[in-house]
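For reference, the structure discussed in these notes is given below.
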Amino acid sequence: MAAPPGDAPLTAANNIQPFFVLHKASPAAASSVPSSRARRRIDASPPSSPNPKSAKRTRDVDAQDEEDSELCERLRLEAFHRIWSRIQSTIDEVLRGINLKLFDQVLQWAQESLSAIRAVAKPCHAEVQQPYPLLTDVICRRIPTAFVLTKNAEFVDDITTFRDLAGHLQSSGCHLAKLSAAELSVKHGVGGCFRSLLRQLLADVPDVVDVSALASWYCEAENYDQPIIVIIDDLEQCSGDVLGDLVMMLSEWVIKIPIFFVMGIATTIDAPKKLLSSEALQRLEPCKLTLGSPSDRMNALVEAILVKPCAGFCISHEVAMFLRNYFFRHDGTITSFISALKLACSKHFSMEPLSFLCMGVLQEDCEEFWHDKFEALPQVIQKYAFGLPSCTSATNLSNSSDDVVNGLSKLLKLQKDWSSVLLCLYEAGRHDKLQLLDIFCEAVNPDLHTQNASNAELPISKVNIEKLSGMKSGSGKVYMAQVMNAIRYLPVETLLRVLEVWSIHLRGMSEINDKVKELQSTTIDADSVRATKEKWTRRSTGSAGNGTVPLNEKVAVLLQDITRKYLVPVECLPFHEIICFKNVGVLQSALIGNPRRMVQLDLLKSQSRLKCSCCSRTGAALSGTLHDTSIM
């Protein structure tokens, strides 16, 4: 670093230089580096073709390649936005459908509570506007309160639930106000949280806030005779003293102004007893409601976005196992699973050149879409499609667009059959408390196809099922074998309900559906079934016998047969790389990678970020033509 001139001493008063040059190129190095314009001339004119026309053709080819690359990148970006928009809308619809039962229960509770209060007393407008509460019995000064047990370890999953609950109640005519844990804190006090409540209801909040202002607002024609519901979505994080003071204050007015509480509880139902004083608890009229468990919501999400081909995007076995473990490591947080899945989707569309063809699933005529898009691709990318690892073993490919269209169409058809059979497995397994995510991770295992072929002649028996169940997780059909075992001991009534659901899942597979209907028509009373089961148990393995085969055994044989024939993982199909994300290493490094290591690697490859024309694109060293601060 050059020293400052002698006539300008470096002092704190006149030192205004914002940056320092950490290194500077030597004169020899600087003179040896060609300018960017000279480098472009050298690159564009190789020694073997000094002809200007040849150089012009080379530039035209490079420009065309760059234009094709930009076109494919735009198509992939557009495809990602459309595909993820479909997935996100499906997620929102599924979660809203799961929560709708709870929302209706909360609404019914609010209406019944309002009717109960009005049965005690129905004050006129003049009585409501009087600046003091009605003199009633202490029993009539209890605020109806719905404690919603969410069972979530992380509050992030509850945000969407209570937001949708507020919208549902408001659309039904209720007045809504939300108080956060930050507002119910010692810092703001009861006056601050009550002011926040008034700001959400009143158009003009007076400087001095009291309950009489709320009473005057409630007496207006458009506001009267509807309950005011105050939602507190995270009860455990609130200040018990502030919340208790608010409860004591509003309970005096509950007859004149029907204010109800909806409080979210993430831990146990006795959390209010630990937070509030006994006096405040006596002013609440509790009602316990329970939200669906995270496992129930996860089962519904897996069915909607991973099992059913809703958007044309799927994941490999390794990625599925990683997302499953990631979900459990984050205490079963749905939001973390969705974020990881979105990252996997974005990585797929950024890394796979042909991933934009996934949009064909969303088109009315997917085959026409695939044909037109593939025909418009450059020859290099078309050759890349037939060089995919899943297509190298195919012998009947003519390397035409028809092969791609037929391959993707067959892939979608087999995926639909695969999803139907998988849902049949889950319908039988859920009676044994199996989770769809566990069965899904086994069903996408590419080794499953080989195991199905090797076990094709393996008869259904308790010994063989236990043999399969003894395999290590991830290497064998542990959960599927458990499903087979569960079918053997299902009651007849439950088994018939399972078959009824199977007939719905297998509507597109007429041959299998006919076999299901045949089993449904089998009428065996419970006594004969029990007697037949006892005879079947006593029968030796080698004896054929003349007894009637139990219905459970017939169902188990049918399920094993369709599993072996139709449960073909997507990684065993040609062209699956177009729709299936497989790079679990990229996903793992992005979610649980080492940030310090990533920064170091980026600095070592900084020339690729800077895109300097005079820096070597292959070397690891930077020249001195750019300021070091440009790395930042």
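For the numbers below, each heavy atom of this structure counts, side chains included, while hydrogens, waters and symmetry mates do not.
- Judged by distance alone, with hydrogens and angles left aside, the side-chain atoms of His371 form no donor-acceptor pair with the main-chain N or O of Ser401 at under 3.5 Å.
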Fill in: Candidate pair Ser400 and Asp402, rule side-chain hydrogen bond (donor to acceptor under 3.5 Å, both in side chains), full reasoning
CA-CA 5 Å; Ser400 65; Asp402 293 337; 4.6 Å; no
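- For the pair Phe349/Ile83, a side-chain contact is recorded, criterion being any heavy-atom separation below 4.5 Å from C-beta on.
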Fill in: Pair Gln88-Asp92, side-chain hydrogen bond (donor to acceptor under 3.5 Å, both in side chains): steps then yes or no
CA-CA 6 Å; Gln88 186 64 58; Asp92 295 339; 3.1 Å; yes
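- Proximity of a side-chain donor or acceptor of Ser239 to a complementary backbone N or O of Leu184 within less than 3.5 Å is not detected.
- Interatomic distance, CD1 of Ile265 versus CG of Leu275, reported as 9.5 Å (0.5 Å rounding).
- Between the side chain of Ser420 and the backbone N or O of His505 there is at least one donor-acceptor pair closer than 3.5 Å.
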Practice prompt. Determine, stepwise, if the pair Leu587 / Leu323 fulfils side-chain contact (heavy atoms from CB on, under 4.5 Å).
Written response: CA-CA 9 Å; Leu587 183 63; Leu323 291 180; 4.1 Å; yes
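- Between the side chain of Glu183 and the main chain of Ser180, a donor-acceptor pair closer than 3.5 Å is present.
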Discussion item. Between Val570 and Val444, is the side-chain contact (heavy atoms from CB on, under 4.5 Å) condition met? List the steps.
Written reply: CA-CA 7 Å; Val570 65; Val444 294; 5.6 Å; no
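- Taking each heavy atom of His576 and Glu571 in turn, the nearest pair found is CE1-O, 3.4 Å.
- Heavy atoms of other residues, nucleotides or ligands lying less than 6.0 angstrom from NZ of Lys178 number more than 12.
- Judged by distance alone, the side chain of Glu442 and the main-chain N or O of Tyr479 form a donor-acceptor pair under 3.5 Å.
- Although no hydrogens or angles enter the test, the distance criterion places a donor-acceptor pair under 3.5 Å between the side chain of Gln382 and the main chain of Phe374.
- The environment of CD in Gln200 is crowded: more than 12 heavy-atom neighbours from other residues, nucleotides or ligands sit within 6.0 Å.
- Trp502 places a side-chain N or O within donor-acceptor distance of the main-chain N or O of Cys424, the cut-off being under 3.5 Å.
- Leu408 is not listed as a side-chain neighbour of Val405, based on a closest heavy-atom distance of 4.5 Å or more.
- Here the CZ atom belonging to Phe369 is positioned 8.5 Å from the CG atom belonging to Leu362, to the nearest 0.5 angstrom.
- Looking only at side-chain heavy atoms (C-beta outward), Leu506 and Ile512 come within less than 4.5 Å of each other.
- Asn445 places a side-chain N or O within 3.5 Å of a backbone atom of Asp447 that can act as its donor or acceptor partner.
- Checked by atom type and distance alone, the side chain of Arg324 never pairs as donor or acceptor with a backbone atom of Leu437 at under 3.5 Å.
- Side chains of Asn299 and Glu303: no donor on one and acceptor on the other come within 3.5 Å.
- The two residues Tyr566 and Val421 have their closest heavy-atom pair at CB-CG2, 3.7 Å.
- The two residues Ala443 and Trp418 come nearest to each other via the heavy atoms O-NE1, 3.3 Å.
- Listed by first and then second residue, the side-chain hydrogen bond (donor to acceptor under 3.5 Å, both in side chains) pairs that reach into residues 338-360 are Glu352-Tyr384, sequence neighbours excluded.
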Practice prompt. Go through Asp233 and Arg163 one step at a time and tell me if the salt bridge (charged side-chain N to carboxylate O under 4.0 Å, His left out) criterion holds.
Written response: CA-CA 9 Å; Asp233 48 20; Arg163 182 194 64 198; over 6 Å; no
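- Pro272 and Leu235 get closest at one heavy-atom pair: CG-CD2, 3.7 Å.
- In this structure the side chain of Val230 never reaches within 4.5 angstrom of the side chain of Leu246, judged on heavy atoms.
- With values rounded to the nearest 0.5 angstrom, Ser419 atom OG is found 11.5 Å from Leu306 atom CG.
- Separation of atoms CH2 (Trp84) and OG1 (Thr90) is listed at 10.0 Å; rounding is to 0.5 Å.
- Nearest heavy-atom pair, Asn583 versus Phe581, reported as atom, atom and distance to 0.1 Å: O-CZ, 3.2 Å.
- Residue Val361 comes nearest to Gly312 through the heavy atom pair CG2-CA, 3.6 Å, listed as atom of the first residue, atom of the second, then distance.
- Side-chain contact check for Leu354 versus Leu377: some heavy-atom pair is nearer than 4.5 Å.
- Using a 4.5 Å heavy-atom cutoff, the side chains of Leu243 and Met263 are in contact.
- Rounding to the nearest 0.5 Å places OG1 of Thr563 at 9.0 Å from CG of Leu558.
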Discussion item. Please determine whether side-chain contact (heavy atoms from CB on, under 4.5 Å) holds for the pair Phe386 and Val404, giving the CA-CA distance in whole Å, both sets of side-chain angles, and the decisive distance to 0.1 Å.
Written reply: CA-CA 8 Å; Phe386 298 104; Val404 177; 3.7 Å; yes
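- Atom-to-atom distance recorded for Gln170:CD and Ile229:CD1 is 10.0 Å, nearest 0.5 angstrom.
- More than 12 heavy atoms of other residues, nucleotides or ligands sit less than 6.0 Å from atom CD of Gln363.
- Side-chain atoms of Ser293 and Ser295 include a donor-acceptor pair closer than 3.5 Å.
- Judged by distance alone, with hydrogens and angles left aside, the side-chain atoms of His175 form a donor-acceptor pair with the main-chain N or O of Asn223 at under 3.5 Å.
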Worksheet item: Cys174 and Leu107: side-chain contact (heavy atoms from CB on, under 4.5 Å), yes or no, with the steps?
Response: CA-CA 9 Å; Cys174 301; Leu107 180 61; 4.1 Å; yes
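- Asp417 is linked by a salt bridge (charged side-chain N to carboxylate O under 4.0 Å, His left out) to Lys413, counting only residues two or more places apart in sequence or in another chain.
- Between Lys383 and Val380 there is no side-chain heavy-atom pair separated by less than 4.5 Å.
- The closest side-chain heavy-atom distance from Arg497 to Thr494 is below 4.5 Å.
- Within 6.0 Å of the CD atom in Glu364, the count of heavy atoms belonging to other residues, nucleotides or ligands does not exceed 12.
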